[in-house]
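I have placed the structure first, in the form of structure tokens, so that the comments after it can refer back to it.
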2 protein chains.
Amino acid sequence: MTTTAFEPLTPDTLPARLGSITALTQRIGANASSWSVREVGDGNLNLVFIVQGSNGSVVVKQALPYVRLVGDSWPLPLKRSFFEYHALTRQAARSPGSVPEILHFDQAQALIVMEYLSPHIILRKALIMGRELPRIAEDLGLFTARTLFRGSDLHMSAATRKADLALFADNVDLCDITESLVFTDPYFEAPRNRHTSPQLDALVASLRADRDLKVEAQRMKHLFTANAETLLHGDLHTGSIMVTDEETKVIDPEFAFYGPIAFDIGMLLANYWMSYFSQGGHEQDGSRDSMRAYLLRTTTTTWSVFRCEFARLWRSERNGMLYARSLFEDAGDPLGAEQALDTFLHRVWEDLLGFAGVEIHRRILGLAHNAEFETIEDADLRAACETPALRFGRHIAVNRRHLHSIDEVNALVALIDRENRL
Amino acid sequence: MTTTAFEPLTPDTLPARLGSITALTQRIGANASSWSVREVGDGNLNLVFIVQGSNGSVVVKQALPYVRLVGDSWPLPLKRSFFEYHALTRQAARSPGSVPEILHFDQAQALIVMEYLSPHIILRKALIMGRELPRIAEDLGLFTARTLFRGSDLHMSAATRKADLALFADNVDLCDITESLVFTDPYFEAPRNRHTSPQLDALVASLRADRDLKVEAQRMKHLFTANAETLLHGDLHTGSIMVTDEETKVIDPEFAFYGPIAFDIGMLLANYWMSYFSQGGHEQDGSRDSMRAYLLRTTTTTWSVFRCEFARLWRSERNGMLYARSLFEDAGDPLGAEQALDTFLHRVWEDLLGFAGVEIHRRILGLAHNAEFETIEDADLRAACETPALRFGRHIAVNRRHLHSIDEVNALVALIDRENRL
């Protein structure tokens, strides 16, 4: 690379500009002029290229100085690439094998060269197709437990965590996207919002007039912005996960920052549940009842694996400053450590329901919608899927302290969905 | 100042080393050789000099590279002076008139030259003497409400708060003192602990075996270290407050960092309550019943003024990203903002009781004890004062979610104290 001033790559300029990076040429072949380059970015923010050489392929992800979904009227710092890189390295260390291998990072060009995952596809697309992925529940339960536990004061040294907190505190603009688009805009008539209209108009108006919901959504926002428990992925929806039947990889952590443990898990479960509610819009080729059952099993198993792994780490790697062994195990009180664990996880449970409810709302009322609903072309059918999702989101956000377990919540999902379809 | 490498001041070297600082000579007189210098530091950490010139006096506070209370076996970064300086400037802006005026700051020498407060004395000493200060409740209620509200995402811009959070995240060693000495050491047999022995031995052993108390203390520690709501003073006990009958000044914020709103208020109320429990040890010159009534009135008024002022700011200066007006007042729902305020303050109330309980324990079981108990020479009498304080601390920490109001808690204080004295 000869330039240092930022310049977006194109398929034409990429081989010349990256052709001398050893980590890249070693992986795919040194003859850059023979590389084939495709731009495949379909997310909201960045350029993504697949670069194929004689010996293999890599992905090149480059940030743009604005939001791709919106255009240069919405500037966004290139530094998000720096945060993505640092998040990926930490996730790789804390949950080995869960994220793509990083081959090269160029901060000035805001680009990351990484392993090309093939034949992986985006989990969201797989779920829309009705594919029952056998590994995601266990893999993502382990990923969340390991990254969220090992990035907290339960495990890290206080000085290391505080320095890392300061580093990621500069990820202001990406946090602002979440703070505005997830927690605030959906709950009033913000200019960037949209929803299936007129079918949802009355329900949307009632949600925006729902005092208890708004207060709870703002409480969740307060937790999001002030409760710096651990390094989050920050955008852990099913579009940030790539899958095969054998493997699960988590990508795109540019929203990473120190926030509440429950946020990543709540967003993940919300996306499973949205997939559930959307299945009725994708039954043209046959019933999705098996898929529905699979999705509820997947939420149950993800949360169960998370809790089991978190508990295992609590017992074996609780070496940080919180809940010190000197107070419990070393004082002959191992049951005290178990009581503390249960109290801890109970709070995570209550909070994840709040985050899940808000995530569901913003995907139907806000700016950035979900493909599982958006690909339902018939607006009446789409609204019929979105309606129970909105009602469910409101219910779990407001009643999050009184919902007993994941099985009860899943029963509620099935009930609300069924009542709507009859 | 000619040296740049850090060197502790002495009364002999101070005039020559600081004699050319204009802000200082303008205040007290240019003839440094005629200055009279006394070292008066009686805190745990720093050097404090009163410098008197022909026209007035100033205070010079200088950090030492170790904990003064313990000696150079316990190193402590000079940078705490930097955090103190930045905290003082923010507190002065957010709560004008509440902190000493800063005349000069020298980061390399870790020294702050500030207004000499006279005839102010340390609040803790005044309370031990039995003085009923007429202004502290209102002044400290306003100080806490203003600094804690205006340092949070209720008021600041997100980018400013996140940058400030990153700046104070480096105050690792002072946070570590609180994290270790307040939240952990008191609850097991840590080498640095001491207590009135043998009188308290049985009670101390029972507290250290109290599972519910330990779990709750660790929950408070988790809130302390992860819940970065606002810029705290961080050490707001009655030794950090200087008073006359007319004026209240808050000093010594070197423990400042972003933490939970409830921490400063909880520590302050805990120190009022400890003063109450200590009064029985200071009745040699007459009954302290009037002082007891005064102290309970003071807790009630402090908390009431805090809530009123916080509510006023909530209604008039809620310009940050949390609980946006667009969702409530601007959507025709001012009662929604009131509901959110009450929910917010209720959580502060529950948490401050937890922090207060832990603060009381660490002052009787830990390393840094309180003068109100320490100055009771008769160990039996001292233990008779400390015992109800310990029991009260345990009660409010463990039952903090079920205590209705400050009046109920004060009734409990009086009850526990009276039962012990009979």
Side-chain angles (χ1 to χ4, degrees), chain A residues 152-154 158-159 161-173 175-176 179-180 183-185 187-190 208-209 211-212 214-219 221-223 225-230 257-258 260 321-324 326-328 330-333 335-337 339-340 343-344 347, chain B residues 152-154 158-159 161-173 175-176 179-180 183-185 187-190 208-209 211-212 214-219 221-223 225-230 257-258 260 321-324 326-328 330-333 335-337 339-340 343-344 347:
Chain A
S152 79
D153 274 325
L154 293 166
R161 195 191 70 90
K162 285 185 168 81
D164 216 41
L165 171 73
L167 183 140
F168 281 95
D170 192 33
N171 201 4
V172 171
D173 296 85
C175 284
D176 174 65
E179 288 152 3
S180 299
F183 291 104
T184 303
D185 283 6
Y187 298 104
F188 77 107
E189 295 192 4
R208 288 186 181 144
R211 185 178 291 157
D212 291 345
K214 289 187 294 180
V215 171
E216 206 60 41
Q218 290 304 297
R219 169 66 186 147
K221 182 173 184 174
H222 190 193
L223 282 172
T225 185
N227 203 26
E229 285 185 316
T230 192
F257 81 110
Y258 277 79
M321 69 155 125
L322 293 179
Y323 301 91
S326 53
L327 304 176
F328 299 106
D330 299 351
D333 187 19
L335 198 51
Q339 176 173 324
T343 307
F344 195 103
R347 192 183 46 76
Chain B
S152 80
D153 273 325
L154 293 167
R161 195 192 69 89
K162 285 185 167 80
D164 216 41
L165 171 73
L167 183 141
F168 281 96
D170 192 34
N171 201 4
V172 171
D173 297 85
C175 284
D176 175 65
E179 288 152 1
S180 300
F183 291 103
T184 303
D185 283 6
Y187 299 104
F188 77 106
E189 295 191 5
R208 289 186 181 145
R211 184 178 293 157
D212 291 345
K214 289 187 294 180
V215 170
E216 206 58 43
Q218 289 304 297
R219 170 65 186 148
K221 182 173 183 173
H222 189 194
L223 282 172
T225 184
N227 203 27
E229 286 185 314
T230 193
F257 81 110
Y258 277 80
M321 68 153 129
L322 293 179
Y323 300 91
S326 53
L327 304 176
F328 299 106
D330 298 350
D333 187 20
L335 197 52
Q339 177 173 323
T343 307
F344 194 104
R347 192 183 46 75

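Just so you know, these numbers use all the heavy atoms, side chains as well, and skip hydrogens, waters and symmetry mates. Below, chains carry the letters A, B, ... as their sequence lines are ordered, and counting in each starts from 1.
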- Note on the structure: Looking only at heavy atoms, the pair that brings A:A169 and B:L165 closest together is CB-CD2, 4.4 Å
- Item | Shortest non-hydrogen contact between B:T225 and A:L322, atoms and distance | CG2-CD2, 3.8 Å
- Item | B:L154 portion near chain A, given a 4.5 angstrom heavy-atom threshold | neither
- Between B:F344 and A:H222, what is the ring plane arrangement, given parallel below 30°, perpendicular above 60°, and tilted in between? parallel
Atom pair [atom1] ([X]) and [atom2] ([Y]), whose distance is rounded to the nearest 0.5 Å:
X	Y	atom1	atom2	answer
B:D330	A:E189	CG	CD	12.5 Å
B:F328	A:F188	CZ	CZ	11.5 Å
A:T343	B:Q218	OG1	CD	12.0 Å

- Message: Any carboxylate oxygen within less than 4.0 angstrom of a Lys/Arg side-chain nitrogen, looking at A:D333 and B:K214?
- Response: yes
- May I ask you to decide whether B:E179 forms a salt bridge with A:R161, counting only side-chain N to carboxylate O separations under 4.0 Å? no
- Message: Is it the case that the side chains of A:N227 and B:E229 hold a donor-acceptor pair, with the cut-off being a distance below 3.5 Å and no angle test?
- Response: no
Chain A: which of [options] shares the most heavy-atom pairs with it under 4.5 Å?
options	result
B:R211, B:R208, B:R347, B:R219	B:R211
B:D170, B:D176, B:D212	B:D212
B:T184, B:T230, B:V215	B:V215

- Query: For A:L167, is it the side chain, the backbone, both or neither that has a heavy atom under 4.5 Å from a heavy atom of chain B?
  - Reply: neither
- Turns out that what part of A:A163 lies under 4.5 Å from chain B's heavy atoms comes down to neither
- Item | Check: A:D153 and B:K221 side chains under 4.5 Å, non-hydrogen atoms | no
- Query: Are B:F183 and A:M321 close enough that some pair of their side-chain heavy atoms sits under 4.5 Å apart?
  - Reply: no
- May I ask you to name which of A:S326, A:A331, A:G336 has the most heavy-atom pairs under 4.5 Å with chain B? A:S326
- Greatest number of heavy atom pairs closer than 4.5 Å to chain B - which of A:A166, A:A337, A:A226: A:A226
